[in-house]
Amino acid sequence: MHTFSINRIMTVDSTKHDAYAALRIPEFRLFLSGRFLLTFVIQMQSVIIGWQVYEVTKDVLALGFIGLAEAIPFLSVALFAGWAADRFNRKKIIMISTFTYLLGAVCLLLLSYRFASLYAQFGVIPIYTIIFVTGIGRAFFYPAQAALMAQLVPRSLYPNSSTWNSTIWHIAAVSGPAAGGLVYGFAGIHTAYFCVVGGVILSLIMFFYVKNKPLPPIVKGETLIQGLGAGIRFVFSNQIILGAISLDMFAVLFGGAVALLPVFASDILHTGPQGLGFLRAAPALGAIGMALFLAYHPPLKSAGRNLLLSVAAFGICIIGFALSRNFYLSLALLAVGGVFDNVSVIIRHTILQLYIPDNMRGRVMAVNSIFVGSSNEIGTFESGLAARLLGLIPSVIFGGSMTLAVVGITARIAPNLRKLSIVKQ
């Protein structure tokens, strides 16, 4: 079995690389199938909700509140959720969290039949309330699934499993938004939400057939407060991990234009929900192509340098997208941005899987979710707020510029990350 070490010097390995090694493990395939279905319908649902909210409010800040409604509960319970993932059955946590998504999807479906009358009385508050509840489920789902996935493959296959995990996620992120926009546009909102419900049910079935895995040994006598703080202390004591997740957090926080795509689609590019679906899918489409390439050619040599350069290129693509007035050019820029984003995702996930001890995986991944996962939702709010204060185009240019600044700062203050290579021995 091959082992991996993380050094500043790359060691050449002559062993033949098997790009499909992780996929040859049946349980890993089953787990990825369930994750694909769940990600697919969540992405589909996000397009439906975004278009629905903007259609009735015509307010970019209302789109920002969608992300805030999920981020608040997510941040509130994330550390406890990570502690639970290291203490309790990870599969059961995944099942309960997914069931929470199912309840939310059913409520959105039922709400869609009376949305007009309820909107007149309560505005979009019922939608925000449902998102708030599912945000709690997401907080528990993320560390549990990350910890369980690491138990499904041997350590030597962590880079390969990270690549395929990213590939499957991005395939779902391509097809989900496109399906959401197309089904909403051609079949209506009720059919769209019904598809979401069906997808969540199928993902529950997939997760059910994944076998339980034993929990790693826990530290005896450790109090709840000590357990919650252990993940934070571990991250802040490791410059490479802290640098990698901080870089990604700020890049997503400032560089994400996804929350404003309904506005770009409607007011700048003059396309409908179908066009919005393709815009949402474009970054993931680029990411899929890159992920398939990286399955054969992992970006682990000079990984730190590759991470920094890919995030910088992502920021440049965001600035270009803000300046574009052509639908096809905008699609291309989003797709290229997805290419570079995928490189950074795979490198970061590989670092996390290799560095984190098994008995702390849930807690550290919870800290990672606070840094990175919640930045998607807070970034959604930031995008809406910045668009309100600065205007749509200047706000996105500002975000891309801040991404470039963050790359420069990280490269300077985290030399261990900048010089990082992941070598196979």
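Heads up: numbering here begins at 1 and tracks the sequence.
- Considering Lys213, Arg90, Lys211 in turn, Arg90 is the only one that fulfils the side chain to side chain donor-acceptor pair (under 3.5 Å) rule with Gln151.
- Looking at heavy atoms from C-beta onward, Val343 lies out of side-chain contact with Phe293 at the 4.5 angstrom threshold.
- Counting all heavy atoms, side chain and backbone alike, Asp86 lies closest to Gly362 at OD1-N, 2.8 Å.
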**OP:** Mind running side-chain contact (heavy atoms from CB on, under 4.5 Å) on Tyr158 and Thr350 for me, showing each step along the way?
**Re:** CA-CA 6 Å; Tyr158 281 173; Thr350 300; 5.6 Å; no
Subject >> Chi angles and distances behind the side-chain contact (heavy atoms from CB on, under 4.5 Å) call for Ile319, Leu404 >> reply: CA-CA 10 Å; Ile319 295 173; Leu404 294 175; 4.2 Å; yes
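- Note: Leu102 CG to Met95 CE = 10.5 Å, rounded to the nearest 0.5 Å.
- In terms of modelled atom types and a separation under 3.5 Å, the side chain of Arg363 and the main chain of Arg361 share no donor-acceptor contact.
- Judged by distance alone, the side chain of Thr39 and the main-chain N or O of Phe36 form no donor-acceptor pair under 3.5 Å.
- The local environment of CZ in Phe28 is crowded, with over 12 non-hydrogen atoms from other residues, nucleotides or ligands closer than 6.0 Å.
- Annotation for Asn342 and Ala287: closest pair CG-O, 3.5 Å, computed over non-hydrogen atoms.
- Pro357 places a side-chain heavy atom less than 4.5 Å from the side chain of Phe234.
- Leu276 and Pro262 get closest at one heavy-atom pair: CD1-N, 3.6 Å.
- No donor-acceptor distance shorter than 3.5 angstrom exists from the side chain of Ser246 to the backbone of Gly243, with no hydrogens or angles considered.
- Put simply, the side chain of Leu247 does not reach to within 4.5 Å of the side chain of Arg348, judged on heavy atoms.
- In this structure, Phe140 and Phe80 have perpendicular ring planes: the angle between them is above 60°, well past the 30° mark.
- Phe208 carries Lys91 over the face of its six-membered ring, with the cationic atom under 6.0 Å from the centre and within 45° of the normal.
- Contact detail for Thr57 and Ala62: the closest heavy-atom pair is OG1-CB, 3.5 Å.
- Expressed to the nearest 0.5 Å, how far CG of Asn238 lies from CG of Asn416 amounts to 8.5 Å.
- Taking the six-membered ring for Trp and thresholds of 30 and 60 degrees, Phe264 and Phe321 have ring planes inclined between 30 and 60 degrees apart.
- Expressed to the nearest 0.5 Å, how far CZ of Phe340 lies from CG of Leu309 amounts to 9.0 Å.
- Here Leu108 contributes atom CG and Gln52 contributes atom CD; the two are 7.5 Å apart, rounded to the nearest 0.5 Å.
- Of all the heavy atoms in Gly135 and Pro73, the pair that sits closest is CA-CG, 4.1 Å.
- In this structure, Val41 and Tyr101 have side chains that are not in contact, with every pair of non-hydrogen atoms separated by 4.5 Å or more.
- A side-chain donor-acceptor contact under 3.5 Å links Thr98 to the backbone of Ile94.
- Tyr128 places a side-chain heavy atom less than 4.5 Å from the side chain of Val53.
- No more than 12 heavy atoms of other residues, nucleotides or ligands lie within 6.0 Å of CZ in Phe99, so this atom counts as exposed by the packing criterion.
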**OP:** Check the pair Arg87, Leu215 against side-chain contact (heavy atoms from CB on, under 4.5 Å), reporting the backbone distance first and the verdict last.
**Re:** CA-CA 7 Å; Arg87 292 272 180 166; Leu215 288 172; 5.5 Å; no
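- To the nearest 0.5 angstrom, Met365 atom CE is 9.0 Å from Ile245 atom CD1.
- When side chains are defined from C-beta on, Ile318 does not count as touching Thr403, because their heavy atoms never get closer than 4.5 Å.
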Subject >> From CA spacing to verdict: side-chain contact (heavy atoms from CB on, under 4.5 Å), Val183, Met44 >> reply: CA-CA 9 Å; Val183 175; Met44 185 178 177; 4.0 Å; yes
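- At least one side-chain heavy atom of Leu334 sits under 4.5 Å from a side-chain heavy atom of Leu261.
- Taking CD from Gln43 and CD1 from Ile48, the interatomic distance works out to 11.5 Å, rounded to the nearest 0.5 Å.
- Here the side chains of Val200 and Ser203 are in contact, with some heavy-atom distance below 4.5 Å.
- When all heavy atoms of Ser324 and Ser330 are compared, the pair lying nearest together is OG-OG, 2.9 Å.
- Side-chain N or O atoms of Thr410 include none that pairs as donor or acceptor with a backbone N or O of Val407 at under 3.5 Å.
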